[in-house]
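What follows is a set of notes on a single structure, which appears directly below.
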Amino acid sequence: MLLSINGLTKSFQDLHVIKNVDITVEKGKVVTIMGPSGSGKTTFLRCLNGLELPEQGHYQFGDGFTLDFTQKLTKKDMLRLRRKSGMVFQSYHLFPHKTALQNVMEGPVIVQKKDKQIARNEAQQLLTKVGLHDKMDLYPHQLSGGQQQRVGIARALAIEPELMLFDEPTSALDPELVGEVLSVIKELANEGWTMVVVTHEVSFARHVSDHVIFMDGGHIVEQGPPKDVLEKPKEPRTQQFLTRIVKER
Amino acid sequence: MFLVNNVQVGLTDNVDLILQALWPMVEGAIKYTIPLALVSFFIGIIIALITAVMRLSPIRLVRAPATFYVSAIRGTPLLVQLFIVFYGLPTLGITLNPLPSAVIAFSLNVGAYASEIIRASISSIPKGQWEAGYTIGMNYTTTLRRIILPQATRVSIPPLSNTFISLIKDTSLASMILVTELFRKAQEIAATTYQFMLLYMEAAVLYWIICFALSIVQEVVERRLDRYIAK
């Protein structure tokens, strides 16, 4: 077990977005979260690394690090939580004033105080791995969406997180660019990275993930292996959603 | 014929006066106007940065003094601020020379205006940039310094250039507290020659030349920082 969360609750003013959700992420496994927009899946993902602060929730990490959000958290705990996971955003959020290489090096050099030369070598390896060995010195605005997102993945990997979080990593991309990003994520899954992926890509969820969570209205409606949830969903809401999303494709 | 001669004599006189007045005025600009503006702007930007960050704080007790300072400075005339520092402070036992008085007044003035520009520039950077900084493990200060400020700088260059150009012209107010800058020199020469139109026009042109040069510098800096903006 890498992370286990109990009783996660989050609301924005009067709007309850996440209602008492439990989840366990096993080491080396890929969890995909699906659900209609407004179901709370993105907020849920953002709670995992503290970008959103839940009102309640007990976090237990495999290394014994625990957090209880009913208590006031120290800055140190927040930083420790954030440094456990790398995040890939829907709209990339690359640093526009830095080259692809500098984007990837920023975390290791500035936060982890790694030697610059070592960090540079590692960043070059990461960018090569995501297929961007010839784009390292370009600025984000000189790259396509798919290339930018791959830099985003390399940047998140560079801090060597235990957990990789993906927030709809392909939703902002032109259809012909989706494949190149998904294949990078697939490769990471094969390498044994622990990942939580929010996505609408049913075939990705079916072929890559070990565990699928279907969320609606702030609850987990159904979860299990992709074969069960995606092919033989028990809940009517899951069935409805899957029929609709398949029709759209 | 006599009349034409007279005008011609007058014209030569005018050209002579302009040339004679040129060096004292340029000297005033080099020794006072430009250094005064540069030093005040530099100090002002530091004050502005601190004020802007204070105003963005979630803690009310941190925000309040910054808000008060900006309101007080923006709500009162620069000339009055200058007089308070130079003529007012001696009443409290603090006597300063004209130049330090001017630097203090101008720095505080620029600080207030520039803090609003910097605050708006910081706010204009998308929230996702902060989040991207946080997710690679940065804290607030590091994200601000490494990620947000470099981008906010590019956004703030045009309005800050405006502030600097205004400051160059506002330094003429220092003539009122006996700083012998460009305009004070023009006044002194005009007082003895009675050639007000000529000398004040000359002063105006000199200010214009300085500001024109600055706007060229601004363009160059903007172009160099353009890569800092997502397109």
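Throughout, protein chains are lettered first and strands after them, A, B, ... in sequence-line order, and every chain is numbered starting at 1. When reading the values below, keep in mind they use all heavy atoms of this one structure, side chains included, and skip hydrogens, waters and symmetry mates.
The one candidate from A:V88, A:L165, A:N49 that meets the side chain to side chain contact (heavy atoms under 4.5 Å, CB included) condition with B:T135 is A:N49. Each of A:R82, A:E106, A:Q112, A:M87 was checked for a side chain to side chain contact (heavy atoms under 4.5 Å, CB included) with B:I136, and the lone residue meeting it is A:E106.
Counting non-hydrogen atoms of other residues, nucleotides and ligands closer than 6.0 Å to CG of B:L61 gives a total of 12 or fewer. Atom CZ of B:F42 has 12 or fewer heavy atoms from other residues, nucleotides or ligands within 6.0 Å. The environment of CZ in B:F212 is sparse: at most 12 heavy-atom neighbours from other residues, nucleotides or ligands sit within 6.0 Å. Annotation: B:M201, atom CE; neighbour count of heavy atoms from other residues, nucleotides and ligands within 6.0 Å does not exceed 12. Surrounding CE of A:M78 are more than 12 heavy atoms belonging to other residues, nucleotides or ligands, all under 6.0 Å away.
With a threshold of 4.5 angstrom between heavy atoms, A:R155 approaches chain B through its backbone and through its side chain. Residue A:S91 does not touch chain B at all, counting heavy-atom pairs closer than 4.5 Å. Only the side chain of A:R83 comes within contact range of chain B, judged by heavy atoms closer than 4.5 Å.
Here the closest heavy-atom approach between residue B:A132 and residue A:F95 is recorded as CB-CE2, 3.7 Å. Shown here for A:H97 and B:R146, the closest heavy-atom pair between the two residues is NE2-O, 3.0 Å.
Between B:T142 atom OG1 and A:I110 atom CD1 the span is 8.0 Å, to the nearest 0.5 Å.
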Derivation and outcome, side-chain contact (heavy atoms from CB on, under 4.5 Å), residues A:L51 and B:W130: CA-CA 10 Å; A:L51 277 185; B:W130 287 96; over 6 Å; no

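A distance-only check finds a donor-acceptor pair linking the side chain of B:Q129 to the backbone of A:L94 [under 3.5 Å].
Interface check for chain B: of the options A:R80, A:H93, A:K75, A:R46, the most heavy-atom pairs under 4.5 Å are formed by A:H93.
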